[in-house]
Undergrad: 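Starting off with a structure, shown below.
Sequence lines set the chain letters: A, B, ... in the order given, protein chains first and strands last, and positions in each chain run from 1.
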Protein chains: 2
Amino acid sequence: MFMNYNLAFDSRETDMSEQHATPVDTVLALVQRNSLTRLVGEALEKLILSGELSPGSKLNEAALAERLGVSRGPLREAFRTLAETGLIRQEKNRGAYVREIELAEAADIYDVRAGLDATAGRLLAGRITTAQLALLREFAAGMQRAAATNDVDAFHTLNLAFHDRIVEMTGNVALIDVYRRLVKQLALFRRRNLLAPRAIPHFADEHSAIVDRLAAGDGPGAAEALYQHAQGGRQRMLRDGELAAMPAAGEKHA
Amino acid sequence: MFMNYNLAFDSRETDMSEQHATPVDTVLALVQRNSLTRLVGEALEKLILSGELSPGSKLNEAALAERLGVSRGPLREAFRTLAETGLIRQEKNRGAYVREIELAEAADIYDVRAGLDATAGRLLAGRITTAQLALLREFAAGMQRAAATNDVDAFHTLNLAFHDRIVEMTGNVALIDVYRRLVKQLALFRRRNLLAPRAIPHFADEHSAIVDRLAAGDGPGAAEALYQHAQGGRQRMLRDGELAAMPAAGEKHA
DNA sequence: ATTTTGTAGATTGTCAACAATCTGCAATAA
DNA sequence: TTATTGCAGATTGTTGACAATCTACAAAAT
């Protein structure tokens with residue numbers, strides 16, 4: 001009784017690490033451990049974060065259900081999860097839409113994220129291990145290389161991983177959850193992809209400084225460095241956003 | 001076509017301010033604006049936060065659906081929302097349970113909350129209005145009175161409102177959402193109800209100091225005061241939990 | 001006595017049908 | 001022409017039924 005679920009749209013699979021397991025094993029384990037609702041939710045999240053479903057898109061229940069090979073029930077439950085995560089917006093009797101995040105909203109999220117980064121740094125400085133430090137230094141070195149070669153994409157990926165790891169290393173599940181939720185929401189704000197290449201070396205240096213503070217066990221220092229670092233990103237985003245929007249007069253941002 | 005929903009379990013209603021509207025008006029407006037899923041979710045949240053459904057309780061779908069006068073569909077959707085909020089825990093084919101938060105977990109949440117409080121203070125100090133300041137001073141004064149009369153319940157209520165208002169006054173929706181989510185989760189940890197009466201005056205003084213920093217437009221100072229204030233609450237909780245082995249986080253806040 | 005196996009009941013997962021609501025367009029009236 | 005009204009189709013909200021899974025207890029085997 002294997003229903004023919006269609007939760008991956010394209011041929012490239014999500015994780016090749018378990019490629020050698022038989023198809024039955026993977027499908028069986030997948031469906032047995034994760035509920036259909038969870039699988040649908042992850043599939044939708046992937047579609048949204050990859051941009052395949054762009055902000056503002058209407059999410060038609062019947063169409064999506066058929067596309068995913070699932071009935072509307074699990075899909076609607078997945079919608080509730082995504083709505084709570086902040087990736088979609090639901091209106092009664094109107095349907096669900098991929099959330100649109102405007103500049104001011106993204107700036108607000110950035111403020112919260114900056115605070116979380118600072119909290120992570122303060123927590124981690126007191127308990128970081130040498131192995132963890134080595135890993136972070138590796139990330140920092142990789143970003144220095146990316147900066148030297150002007151590899152914007154590599155830098156961007158490493159940058160996300162670097163900050164995620166810092167948060168993850170705290171072991172504080174509540175912090176990790178909240179942080180990742182906000183990062184996902186920020187990913188909806190696609191305008192910031194214009195990572196200015198000449199700003200990259202500066203950020204790379206800041207990363208190294210952050211690792212130094214963590215290595216020194218300087219909680220407040222790491223917190224401050226991470227906070228200012230995030231605020232720098234926020235400012236850059238605001239500058240780029242205002243340039244793109246080009247308002248006639250100065251925008252009102254409290 | 002009015003179904004007989006039974007979303008309020010006991011006679012005391014949630015909000016008496018619109019008592020004079022006809023029943024038809026209220027019910028109509030209620031059901032027309034809010035989906036059944038949302039109403040069910042709010043009803044469940046109330047039951048959980050009030051303790052009527054205590055942590056660890058099994059949430060039987062059929063039983064709860066009948067109790068609320070609703071079918072299982074909306075109830076399950078509400079479950080998804082509550083699970084994402086962190087108030088319930090869902091296991092595949094096993095059901096939903098009111099989330100149990102242990103001491104270490106609550107301490108972690110407190111660390112995040114402390115960081116959010118600090119962020120709120122830093123943001124608010126730069127933009128707080130005199131009217132908002134007056135309101136906060138009113139809260140602070142009320143808590144001083146509660147401290148003087150050893151009115152623990154009143155102090156507790158005002159304390160929650162005070163901190164919620166500070167966060168709310170920032171106008172940062174992302175911050176408000178995250179903060180309230182964490183506060184709700186902490187409410188599941190009921191052991192901290194043992195608010196030691198002799199500690200109350202100290203907290204009341206700290207509140208006044210916080211308002212002073214906000215009034216002075218001292219962002220870092222307000223952040224630091226709020227952070228230390230929250231850490232104090234965390235430490236007290238840990239002491240009461242008799243597991244003071246948890247290390248305190250850094251002292252200073254960037 | 002202890003462990004294993006098998007069944008019955010209860011519970012959750014999924015689905016498809018029906019009801020309620022919204023949207024867009026055409027017909028009508030001013 | 002312009003605004004209003006009234007369908008018809010599409011979409012979401014809700015429900016009850018059926019399938020899959022789990023739990024508990026009893027019977028059987030070691």
Undergrad: Rounded to whole Å, please give me the gap between CZ in A:Arg38 and P in C:dG13.
TA: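 To the nearest whole Å, that distance equals 11 Å.
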Undergrad: Rounded to the nearest angstrom, tell me the gap between atom OH in A:Tyr97 and atom P in C:dC22.
TA: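 Distance, rounded to whole Å: 12 Å.
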Undergrad: Short question: side chain of A:Ser54, backbone of A:Gly51 - any donor-acceptor pair under 3.5 Å?
TA: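 Not confirmed, A:Ser54 side chain does not pair with A:Gly51 backbone.
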Undergrad: Can you name the side-chain contact (heavy atoms from CB on, under 4.5 Å) partners of B:Asn159, sequence neighbours left out?
TA: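 Result, side-chain contact (heavy atoms from CB on, under 4.5 Å) vs B:Asn159: B:Met143, B:Phe155, B:His163, B:His207, B:His229.
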Undergrad: Atom pairs, N/O to N/O, protein against nucleotides 5-11 of chain C, distance under 3.5 Å?
TA:
unit_1: C:dT11; atom_1: O5'; unit_2: B:Asn60; atom_2: ND2; d: 3.4

Undergrad: Among residues at least two apart in sequence or on other chains, which ones pass salt bridge (charged side-chain N to carboxylate O under 4.0 Å, His left out) with B:Glu168?
TA: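 Once residues adjacent in sequence are excluded, the partners of B:Glu168 under the salt bridge (charged side-chain N to carboxylate O under 4.0 Å, His left out) criterion are B:Arg165, B:Arg180.
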Undergrad: Any salt bridge linking B:Arg80 with A:Glu84? Criterion: basic side-chain nitrogen under 4.0 Å from a carboxylate oxygen.
TA: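 No, this pair does not count.
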Undergrad: For B:Glu61, what residues pass the side chain to side chain donor-acceptor pair (under 3.5 Å) criterion, not counting sequence neighbours?
TA: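 Here the qualifying residues are B:Arg72, B:Arg76.
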Undergrad: Please list, chain by chain and in numerical order, all residues satisfying salt bridge (charged side-chain N to carboxylate O under 4.0 Å, His left out) with A:Lys58, sequence neighbours excluded.
TA: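 Listed in chain order: nothing, the list is empty.
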Undergrad: Whole-Å distance between C:dT12 P and A:Leu36 CG?
TA: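 So the two atoms are 18 Å apart, to the nearest Å.
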Undergrad: Determine, for A:Lys46 against A:Glu52, whether the closest basic-nitrogen to carboxylate-oxygen distance falls under 4.0 angstrom.
TA: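 Between A:Glu52 and A:Lys46 there is no salt bridge, as every charged N stays at least 4.0 Å from the carboxylate O atoms.
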Undergrad: Of all of residues 72-85 of chain B, which get a heavy atom below 4.0 angstrom from DNA chain D, listed by number?
TA: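 Heavy-atom cutoff 4.0 Å gives B:Arg72, B:Gly73, B:Pro74.
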Undergrad: Under a 4.0 Å N-O cut-off, is there an ion pair linking A:Arg113 with A:Asp117?
TA: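 Looking at A:Arg113 and A:Asp117, the cut-off is met.
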